[in-house]
Amino acid sequence: MSIYVGNLSYDATDEDLKTVFAEYGTVKSVKLPTDRETGRVRGFGFVEMSAEAEETAAIDALDGAEWMGRDLRVNKAKPRQ
DNA sequence: GTTGAGCGTT
């Protein structure tokens, strides 16, 4: 299971995200897809944690929360096709 | 601007 994180600041980095989610559990991986043409983050990302309970806690705590001036959109990610 | 990539044999 992974977590989708949307409405991110375009200044946010994977380390920033990891730091935030690490408060709710062990972050296994963080991904911030970048636009191939601009080389910049697209404004959303993915986080994987070691336990589903941790992911749920992080989603519950961070969805709708303000971070770097933006209201985060956090929920369970769709399976990548 | 709202659901990734991996590209080479883990």
Side-chain angles (χ1 to χ4, degrees):
Chain A
M1 179 61 71
S2 55
I3 307 171
Y4 165 81
V5 187
N7 201 38
L8 288 172
S9 165
Y10 299 117
D11 290 325
T13 67
D14 56 346
E15 290 187 10
D16 292 326
L17 255 194
K18 183 175 182 178
T19 299
V20 173
F21 279 79
E23 296 182 24
Y24 303 95
T26 301
V27 177
K28 291 177 60 178
S29 67
V30 176
K31 291 180 182 298
L32 282 181
T34 56
D35 188 300
R36 190 180 70 91
E37 311 211 345
T38 66
R40 302 192 178 186
V41 296
R42 297 169 61 191
F44 66 92
F46 295 91
V47 177
E48 291 185 30
M49 302 188 72
S50 60
E52 186 171 340
E54 296 175 346
E55 300 188 331
T56 303
I59 291 170
D60 185 60
L62 299 173
D63 184 35
E66 184 182 307
W67 188 60
M68 295 184 86
R70 289 168 176 271
D71 291 323
L72 295 179
R73 297 302 168 214
V74 187
N75 55 265
K76 291 186 183 301
K78 293 179 178 180
R80 189 172 54 83
Q81 278 183 290

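We use all heavy atoms of the structure for the numbers below, so side chains are in, but hydrogens, waters and symmetry mates are not. Throughout, a chain's letter reflects where its sequence line sits, starting with A, and its residues are numbered from 1.
- Stacking of the aromatic ring of A:Phe44 onto the base of B:dG1 is not found under the criterion of centres within 5.5 Å and planes under 30°.
- Counted within 6.0 Å of NZ on A:Lys28, heavy atoms from surrounding residues, nucleotides or ligands total 12 or fewer; the atom is thus considered open.
- Look at CZ on A:Arg36: it is 17 Å from C1' on B:dG1, rounded to the nearest Å.
- Of all nucleotides listed (B:dT3, B:dG4, B:dT2), B:dT3 comes nearest to the side chain of A:Ala77.
- In terms of position along DNA chain B, the nucleotide closest to A:Arg70 lies nearer the 5' end than the nucleotide closest to the other residue of the pair A:Arg70 and A:Pro33.
- A side-chain donor-acceptor contact under 3.5 Å links A:Ser50 and A:Glu54.
- Looking only at side-chain heavy atoms (C-beta outward), A:Val41 and A:Leu8 stay at 4.5 Å or farther from each other.
- Remark: P of B:dG4 and CG of A:Asn75 are 13 Å apart, rounded to the nearest angstrom.
- Residue-level contact check: A:Thr34 touches neither bases nor backbone, having no heavy atom under 4.0 Å from any strand.
- At the heavy-atom level, A:Val74 lies nowhere under 4.0 Å from the strands shown.
- Cluster membership for A:Val30 and A:Met1, using ILVMFWY side-chain heavy atoms within less than 4.5 angstrom, is not shared.
- When the C1' atom is used for both B:dT10 and B:dG6, the distance is 11 Å, rounded to whole Å.
- Straight-line distance from the CE atom of A:Met1 to the C1' atom of B:dG4: 16 Å, rounded to whole Å.
- A:Asp63 places its CG atom 12 Å from the C1' atom of B:dT2, with the value rounded to the nearest Å.
- Interface remark: the A:Tyr10 side chain does form a donor-acceptor pair with the B:dG1 base, using a distance-only criterion of under 3.5 Å.
- Rounded to an integer number of Å, the gap from A:Lys31 NZ to B:dG4 P is 12 Å.
- Taking atom CG of A:Leu32 as the reference point, atom P of B:dT3 lies 14 Å away to the nearest angstrom.
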Show your working on side chain to side chain contact (heavy atoms under 4.5 Å, CB included) between A:Thr56 and A:Lys76 and close with a plain yes or no. CA-CA 8 Å; A:Thr56 303; A:Lys76 291 186 183 301; 3.8 Å; yes
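- Taking atom CZ of A:Phe46 as the reference point, atom P of B:dT3 lies 8 Å away to the nearest angstrom.
- For A:Arg80 against B:dG6, a side-chain N or O and a base N or O form a donor-acceptor pair under 3.5 Å.
- The nearest whole Å value for the distance from the CG atom in A:Asp14 to the C1' atom in B:dA5 is 14 Å.
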